[in-house]
Structures are given as C-alpha cells and as structure tokens.
Amino acid sequence: MSEDQPETGPAAYDPHAVQQTWLPVWDALDLNRAGRRAGAPKKYVLDMFPYPSGDLHMGHAEAWAIADIVSRYWMRSGFDVLHPAGWDSFGLPAENAAIKRGEHPAAWTYANIDVQADSFRRYAISFDWSTRLHTSDPEYYRWTQWLFLRFRERGLAYRRNSAVNWCPNDQTVLANEQVVAGKCERCGAEVTKRELTQWYFKITDYADRLLDDMKQLEGHWPERVLLMQKNWIGRSVGAHVDFVVKPVTEAGQQGHRPVTVFTTRPDTLYGATFFVVAADATLADELCAPSAREAFEAYRIETRKLNDIERQATDRPKTGVSLGVTAVNPLNGEELPVFAADYVLADYGTGAIMAVPAHDQRDLDFARAFDLPIRVVVQSDAEDPAVSGVATTGDGVLVNSGPLDGLRKAEAIERAIVILADRKTGAKAVNYRLRDWLLSRQRFWGAPIPIVHCPSCGEVAVPDDQLPVRLPDDMKGEALKPKGQSPLASNEAWVNVRCPSCGGPAKRDTDTMDTFVDSSWYYLRYCSPRYTEGPFDLDAVRAWMPVAQYVGGVEHAILHLLYSRFFTKVLHDMGMVDFVEPFTSLMNQGQVINGGKAMSKSLGNGVDLGGQLAAYGVDAIRLTIVAAGPPEEDIDWADVSPASTLKWLGRVVRVATDVAATSGGERDAGVDKAVAKAVDEVTRLIESHRLNVAIARFHELTTTLRRAVDAGVGEPSLRDGVHALAVMLSCYAPYTAEELWSTLGHDVRSGDSVHDSVWPTADPALLVDEVVTCVVQVSGKLRDKLEVPPGISEDELRAVVLALPRIVELLGGVEPRAVIVRAPKLVNVVPG
RNA sequence: GCCCCCGUCGCGCAACCGGCAGACGCACGGGUCUCAAACACCCGACAGUGUGGGUUCGAAUCCCACCGGGGGCACCA
C-alpha cells in the first residue's frame, strides 16, 4: 500500500483521473466561445494578460481563478460572455534571453507562450481560445503602429529633446511611471539622467479628464487605486505670475525678459524675497549674467553628477548659485535676487518659482543657508519662521501685503488672482504632477516606431498601407546587445529606406515602443482579434466593451491602468469608441506569499504551481487559493491546506454518489430550505465578490446533504441539492463539478455539461422562515430569546416580551424607561 | 514629511443598514468503524473584536487619540 502517499489512499478521490476524463470532452464541446449565447446580454471578463516568462506560477493561478469564477458565474447566469486569452509578448526578458542563447527573441517568446497556453488549458480557465492574440505578432503590432500615427496626427505623439530617465543596465530610457524610488522598475538599477530626443504621448492633455472621469469608477474600482491615480496626476490649483527678469547692471547685458512662475500661494506674493530657477532648465542658462557664468557652469556640472536618489533626499542641504540678475515682483515692484538651484524641478510648472521663505519649508531652508530675508505675510499663532526654522503654511491673516492686508488666506488667494488678472501680469492656473508619457525605447523586441527620417522632408509617417513596419527576422544573440541606441540602428538593410514622401534616401526611426503601448489597447482588439480593416471592428467593440470585470495586480495601478484610460479617451475623441472608461469594474487580487514573505529565488521559499497541481489537482488548488481569504488580500501558502481541500472534494463526490444511488421517498422541507438558502447566499456572495465566503456555504451545504442522506431523506430533495451544488461549484472546481453532474446522470459527452447548465434560483417561499428568533436585550445586553412569527406586530412583540418571566424579574416591577422594538428580530428594554 | 488602508478564537478568516460575535476551514481533544492503523464519519471545548475615550437604548461596525502592521507619494512650488 502507498504509505508514502497519505493524501491519496485507495478510497480517496483521484483528481487526476477526473481531469483526464473531462478535459478532452470539454475541448470537443467548445463551451466558452463568445457569441455562444447570441442574443443574451453580454459580459466581458478580462485578466491583465500575462507576460510569457516561463510557465505559470502561483500568482497566475490566483488571478485567473478569480476571473474564471466570475466568468463561469456569468455564463451560468445566462450571459453571453467574452473571456479572451492572449499574451503581452514584447519586452525585455525575451531580448535578454535571446542575447544569452544566440537566438531571435521570438523563439523564446513563442515557446513560453505555448507552455503557458497548455497550462491555462489544464487549469481549466474558461477562455475563448479563438480570441488568442500576441502583441508581438505583426498582425497585432501593425495596429499599434497605426494607432501611434493617428495619435501623432492629433498632436498627441511628438518628439522632443529633454533630460530623460536612463537605465544604464537595460540601456534604454524609461517612463516616469517605470522609475520606482529612483530605480528601474524592471531590473533595479539606479536610474540616471540623459539629454535625449525621444517620443512622447501627450497624456498631460488628458490630465483633467483622467481625474474627473474617476467619478464613474468610484465604488467599482478599489479606492486605493483611484487614490494612487489621483496622487499621480497631482492636480494643484494656483496661479501663473509673470515676473520680469532684468540685469543687475545695464552695461553689456541682455535686456528685460518676462519669466512666469506657478504658485499655489499667490496670497504670499508680498512675502517673496528671492527667485529660483531650476539649475538644469534651459531657462537658467538663458538668464545667467556673464559675471555669474563661471559659478553657474560649475554648479550645473555638480548637479548633473547626482543621481535621482541623492537629489531627491529631502534632508539634503539646499544648494544653489546666484545668476546675477533680479526678478521684479509684479505686485509690489520689488527686485528679487535670482538663483539657480537643484531643489526646483525643471519639468514641473515653469521650472521657476518665487520663493516665500516664511511660508514654504524648502524656501526657508534655502533662505537660511544663503542668509536671505524672511518676511511673514500670513500672521498666525505659530512661532516666527525666522526663529523656529519651521515655515508656516496654515491659515492666518495677511500682513505687510498692501491690498491683501486683513484678508484670510483663502480670500487673499482669490483677491491676489483678481489683482494679477487686472494688471495682466498673471492668471488662475492649474498644474499637474503628471508628465507626458515617454514611449520610445532603445531596444529591439517591441513595435518599431513607424516614422522615417528624411534629410529633406524631416519626420515622415510610414503610410498606413505600408504597415506593419516589421522587425527584421535575421537579428540574433550578440546583434541585440544594448549599446545605448537601438540594436535596429546597426541593421543597415533595415534602417535605410526611401522617403515615403520624396522618394529620396532616408532612415527609419530605430526606436521601438514601450510595451505599455501594446497593452493600452489589447482589450479592444480582443473584441475582433482577426479584424484586418482597422485595430478593431467598431461594432464588435460596441457589443462587448467596456470590460465588465477586470482582474489584475495592484502593481499596475498607475502604469497600465492609467495608460489604458488615456488611450480609451483619445479613441473616444477620434469617434472610434462611444465610452470614456474601458474597465467598468476592477478587482485587484493579492499576492501569494509563503511564510510571511514574497516568494523569491534568493529566499528559496518559492512554491511551484506545477508541483502543487500534481499533488492535489487543479480543483483543490483553485479552491484553496480562493478560500484562503478575500480576493484582494495576500495568501500565505504556509497557512493553507490544499490536502484538506482535496479531502472535502472527495466528500462531495461521495455524497453525490450516494444520492445517485437513492430513489423514491418524500421531499424534505428542511433540506429544500437549506438548499434554497445556500443558493440565495452564494449568489449574493459572488455578486459582491466575496468569493471566499461562498466556499463556506458550499461546506455547509455538503454537510447538510451528507446528514440528509444518512437520515434517509427522499431522493427528490437530495437530487436537487446535489444539482445546485454541482452548478455552483462548477465556477470554482470545474472538474469535480462535472463529475458530480455526470454522477447525477447527465450525458456530458453529448453536450449536457455542467458548464452549460443554468444557475439555480432559490424559491423565495423557501427563504421565509415560519418562526424567527427574537433577541431580547436589557440595556443592550442579551438576556433572553424567543421564537416569534415573522409577521408579528411591534405592539404584540412588546407585550410578549414585557410579559416574559425573565424580563419581569429583571425589571423588578419598575416601568421601563424605553422599549426599543425592531420586529421581529429584536427588543431592547431599558429599565427606568 | 504628507496621504491611504488594516488590527476579530492558537492560525486563516465570517458577521446586510450599528442589533444573538466567532460562520467556514486548519490545528487540537474525544468517539464510531478496525485485530490495529489509515481512510471515512460523528461529537467537542476554549476564547469576546489592538489600547484608551466618546456618541448611542445598543458599537467589531460611527467619531477622536494612541499603539502595531502594510501600502502609496515624496524638494511637485
């Protein structure tokens, strides 16, 4: 006997045999095809599509189990469901693997995709496999390129030179969103700055709408994600104020020039005592007086040496140099000394600020370091900032501020804006923390940017009928090594082309697009994945979109999700879609961890999904993952027990077998009621995404049925119970549910599958109890209980309770001060 | 530094609008079956919601403060 296999004795349930029985049958039945329930209302269920790095792991198992429950639940509930499959198959790991193995990135990529596809199939995800797409297919990226060109036509894709994030390890630029705490999101290397001409999407044009449309998502997206997006966009309202910068001495220097600053505190204009320009901004270079040139250049070189982490350390002392010019305050005509400093950011606001040391901590720190005046203009109870070293930012009354004197902060802000507007030296303004999306990458394995650079015509778009601009098939291994510019640049045959406009010799743009561009519109492509007339068929998108349920990790809260929302809004403005938000409802699944820590190779605490599936079977793993807690919370694999889940599945199958063997007998009202209650509750629980709690109801129903069988309850009630359990369980444990279904006598092979069955409904009559337990409290403490009819009136219930011996005794003859009656469930007696 | 979320039996987690706290699972103890064990089945106990205050007839749930844990942003004017 197999003593080394304690979980699977001879009598135990064998999940592998069950899997082998039903998987081929399902393949033949093609149960998950979108459009199968034509005419029914539609639902679109989507997981954030996977990146093909090796086989599936525990994280995939969780995310897809969750989405699959929703998908199957909606199928059972009569919806026509689209649950598509595809891969986000461009990206760096494939390229790095190709370099190591001397291959083309496609080899590794498509081999991994096949492995994952097979695993998904066995894991019984209800995919419509006919939708399958890969973003690295030319049939897909042709349309990524097409969309890029449409964005460019609208002025939403442009090229500019500026200091950008550079990953020295991956040898490519990165978007702001891909820099986490100064490090490359992918490889962890410290990000440096480089001056480069790069392609951008003008996402900042959509900042307001990205913010305002979040109202539609409230209650349907995790609050946390909405908050993160809100912070990331970072709208701040204030004013633009026009200063005039002029030389300190007139002789030999450039004339006056206007310089605008952004401030959220125009009320403190009279408190400005100096002026600061970002040292790395071209503005600083332009303003610098000849006398200050040498010091400025030296400072600028020092500044550039710093990496982002050093530079952003808030406890770093303030540094800067004078630019030898002054800025004139438009409100009081005061001339302020102008400095270049690295605490002012070149790419936020206008890259220049008015410094109000009394009411801004950074300005105060700088003023103290450079011995500049500190002037309080908002009087409050707080200590003088010049003494305390702490800037006051709260409310107060304006002083030393001419026309603003006596006003409170909020009023003064309004008033200052009016005055500025009257004098035409400023206006109300809004600023965003959000930057434009840097989309070009100096890497090979991505969609080429469909632009040709012509010496005479300049930037020329590749005509639509010449798309896709294909990646060359002949580049492998060493040829893909990063060298600071795209590997494509070294491929002469690929780079040199005729200009589409003048026919003269020209060169292709050698950068490829950020893979987040690919994933910003894939959900639209899924609606018509083989469409050849455009990125998607407008009618198909109208039919399926927006996505009813999106499932994915919170790590994409501000990357993929923000980008996709942006794309959708642009497509809306292009008239291609008629909605502005792509994902109606979002669920963030937690992570699967082990022993309190994220699984990692270095810790050696990884749990191999394949091994778990081999030991316990697909259903036990799916159930274990989902039962462990709410979908959005992390699961510690050390806390769960797939072995006991497998035991329970065995118990379920045995009950079903026993029920199938009974015949005749009377219905049992108790069992009927229990089944109705379970159905009612499970339905509500799944609808509200409390997927784990539904499993507790499955356990209860199983116990009820077991006891009923043992008590000799008649077949009709038992059969209905197993039927309901099988259908509900089909969402969670597809194989076992089919086994139950088959046990009940359904001919699965002829198409009567539990995965084509109809969700049970609970007879409302069975949900009403004949008696309810009424709780009797005295001063809120439980003192007695009694059974009452559900329809009992308040007066009746009050009389009954006040007559209870226990209550009479507790009251001791004194009239109660109050009797709160919530018929039929509760009475609270408050003694006098 | 700023912002957000979470603290319930030994563990993981339940509890609709404030109204019987602890469903369900794990672990634990006992029993039935067995020559014995495994499997299976049955039964069971314990413990009151991080701490302190407030609102209320009544608080796990609402408010305030603190403690502990997790996360986001971070020189953003």
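Letters A, B, ... are given to chains in the order of the sequence lines, protein chains preceding strands, and every chain is numbered from 1.
Neither OP1 nor OP2 of C42(B) sits under 4.0 Å from any side-chain N or O of R706(A).
Counting any heavy atom pair closer than 4.0 Å across all strands shown, R435(A) reaches a base atom. The residue S688(A) sits apart from the nucleic acid: no heavy atom pair falls under 4.0 Å. Using a 4.0 Å heavy-atom cutoff across all strands shown, I635(A) reaches no nucleic acid atom at all.
Between the P atom of C75(B) and the NZ atom of K318(A) lies a distance of 10 Å, rounded to the nearest Å. Note: CG (L649(A)) to P (A40(B)) measures 12 Å, nearest angstrom. Straight-line distance from the CG atom of L226(A) to the P atom of C4(B): 15 Å, rounded to whole Å. Across the protein-nucleic acid pair, R817(A) atom CZ and U56(B) atom P stand 11 Å apart, rounded to whole Å. In this structure, L345(A) places its CG atom 14 Å from C1' of C73(B), rounding to the nearest Å. One interatomic measurement links the two molecules: OH of Y343(A) to C1' of A74(B), which rounds to 16 Å at whole-angstrom precision. Protein atom CG of L562(A) is 13 Å distant from nucleotide atom P of C73(B), rounded to whole Å.
In RNA chain B, the stems built from three or more successive Watson-Crick or G-U pairs (distances below 3.5 Å) are B:1-7 with B:67-73, B:10-12 with B:24-26, B:28-32 with B:40-44, B:50-54 with B:62-66.
For R622(A) (side chain) and Y732(A) (main-chain N/O), a donor-acceptor pair under 3.5 Å exists by modelled atom type.
Considering only the side chain of R707(A), C42(B) comes nearest among C42(B), G72(B), C41(B). When distances are taken from the side chain of L227(A) to each of G72(B), A77(B), C3(B), the shortest belongs to C3(B).
Across G31(B) and A38(B), the matching P atoms stand 13 Å from one another, rounded to whole Å. Rounded to whole Å, the separation between the C1' atoms of G7(B) and G22(B) comes to 16 Å. To the nearest whole angstrom, the two C1' atoms, one in A45(B) and one in G10(B), are 13 Å apart. A23(B) sits 27 Å from U32(B) when the C1' atoms are compared, rounded to a whole Å.
For G48(B), the base adopts the syn conformation, since its glycosidic angle falls within 90 degrees of zero.
Within the structure, ring pair (Phe, Tyr, Trp, His ring centres under 6.0 Å) contacts touching residues 625-649 of chain A (residues at least two apart or in different chains) are W648(A)-H699(A).
With salt bridges taken as basic N to acidic carboxylate O contacts below 4.0 Å, none links R300(A) and D280(A). A salt bridge links R684(A) with D680(A): at least one charged nitrogen is closer than 4.0 Å to a carboxylate oxygen.
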Inset, instruction - Take nucleotides 12-28 of chain B nucleotide by nucleotide from the 5' end and write B, S or -, depending on whether a protein heavy atom sits under 4.0 Å from the base, only from the sugar-phosphate, or from neither. - result: SSSS---BB--BSSS--

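Ring geometry, F339(A) versus F274(A): the interplanar angle exceeds 60°, so the pair is classed perpendicular (tilted spans 30 to 60°).
Annotation for T683(A) and V679(A): closest pair OG1-O, 2.6 Å, computed over non-hydrogen atoms.
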